[in-house]
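Everything numeric in this text was worked out from a predicted model, so none of it was measured.
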Amino acid sequence: LEAREVVGMQNIDPVPRTPVFMKGVINLRGKIVPVIDLRLKFGMESADYTNETCIIVVDLAGIFTGIIVDRLAGVITIDREHYEVAPKLGHNINAEFVAGMVKLDERVIIVLRLENVLDNSELSLLKEAV
């Protein structure tokens, strides 16, 4: 629901002294938009950018923010019968950023609660970048 648009990969200007997952900022039609790499935020291995890599611009707590994704397979509407709230993953696992799961064919798609992906100090960094 937070997605606003999809743009192709472009030059990202780094911002000094920011967390490694914050790749920098882009100029999107005259607006400065901070860009984050969710792979790095979630502790996954970084991946080389390809011609399928793109940036999804989302409204994250009132700040337009770019999120780098490996590829966009498409946009779909989810029927309620395919959506399930996030299961409890255990006491020691912090999965507050998982809003739910979608069963689609033989796949399970994790639906993110974007406002819980970044903590307050990280959100403050985004505000300072714009």
Side-chain angles (χ1 to χ4, degrees):
L1 295 175
E2 292 89 359
R4 297 296 176 252
E5 68 179 292
V6 178
V7 296
M9 202 57 196
Q10 51 191 277
N11 287 334
I12 301 172
D13 295 308
V15 177
R17 301 181 71 169
T18 57
V20 67
F21 67 85
M22 186 171 172
K23 301 307 284 183
V25 294
I26 59 172
N27 180 344
L28 186 61
R29 293 184 300 282
K31 298 237 185 227
I32 302 299
V33 176
V35 177
I36 62 175
D37 188 324
L38 283 185
R39 281 181 162 273
L40 300 178
K41 172 62 181 158
F42 290 145
M44 300 170 67
E45 286 186 32
S46 64
D48 292 334
Y49 300 149
T50 69
N51 60 350
E52 292 185 321
T53 304
C54 59
I55 299 172
I56 299 177
V57 179
V58 299
D59 183 348
L60 190 58
I63 305 163
F64 276 33
T65 305
I67 297 175
I68 298 171
V69 296
D70 295 338
R71 70 182 174 279
L72 182 63
V75 178
I76 60 172
T77 301
I78 305 298
D79 296 325
R80 282 210 183 272
E81 69 259 15
H82 298 291
Y83 183 85
E84 293 184 12
V85 295
K88 299 293 182 201
L89 299 176
H91 296 295
N92 295 330
I93 299 174
N94 180 359
E96 292 179 0
F97 57 86
V98 177
M101 307 271 178
V102 174
K103 297 176 286 188
L104 187 65
D105 300 324
E106 298 297 316
R107 299 175 47 203
V108 174
I109 299 170
I110 298 171
V111 178
L112 298 178
R113 183 175 290 120
L114 290 176
E115 67 270 12
N116 290 358
V117 169
L118 302 178
D119 64 30
N120 287 337
S121 65
E122 294 166 340
L123 285 172
S124 293
L125 277 175
L126 290 180
K127 289 178 183 175
E128 291 173 12
V130 294

Exercise: identify the closest heavy-atom pair between [X] and [Y]:
X     : Y     : answer
Thr50 : Asp70 : OG1-O, 4.4 Å
Leu72 : Cys54 : CB-SG, 4.0 Å
Arg39 : Glu45 : NH1-O, 2.9 Å
Val33 : Gly66 : CG1-N, 3.5 Å
Ser46 : Leu40 : CB-CD2, 3.7 Å
Pro34 : Val25 : CA-CG1, 3.8 Å

To the nearest 0.5 Å, what is the distance between [atom1] ([X]) and [atom2] ([Y])?
X      : Y     : atom1 : atom2 : answer
Lys41  : Ile68 : NZ    : CD1   : 15.0 Å
Thr65  : Ile56 : OG1   : CD1   : 12.5 Å
Leu112 : Ile67 : CG    : CD1   : 7.5 Å
Ile55  : Leu28 : CD1   : CG    : 8.5 Å

Pairing residues for Phe42 by the ring pair (Phe, Tyr, Trp, His ring centres under 6.0 Å) criterion, not counting sequence neighbours: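 Checked Phe42 against ring pair (Phe, Tyr, Trp, His ring centres under 6.0 Å); matches are Phe97.
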Salt bridge (charged side-chain N to carboxylate O under 4.0 Å, His left out) partners of Lys31, counting only residues at least two apart: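 Partners of Lys31 under the salt bridge (charged side-chain N to carboxylate O under 4.0 Å, His left out) test: none.
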Pairs satisfying side chain to side chain donor-acceptor pair (under 3.5 Å), at least one member in residues 13-25, at least two apart: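 Output for this query is empty, none listed.
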Pair Phe64-Val58, side chain to side chain contact (heavy atoms under 4.5 Å, CB included): steps then yes or no: CA-CA 6 Å; Phe64 276 33; Val58 299; over 6 Å; no
pair Ile110-Met101: side-chain heavy atoms closer than 4.5 Å: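 They are in contact (side-chain heavy atoms under 4.5 Å apart), so the answer is yes.
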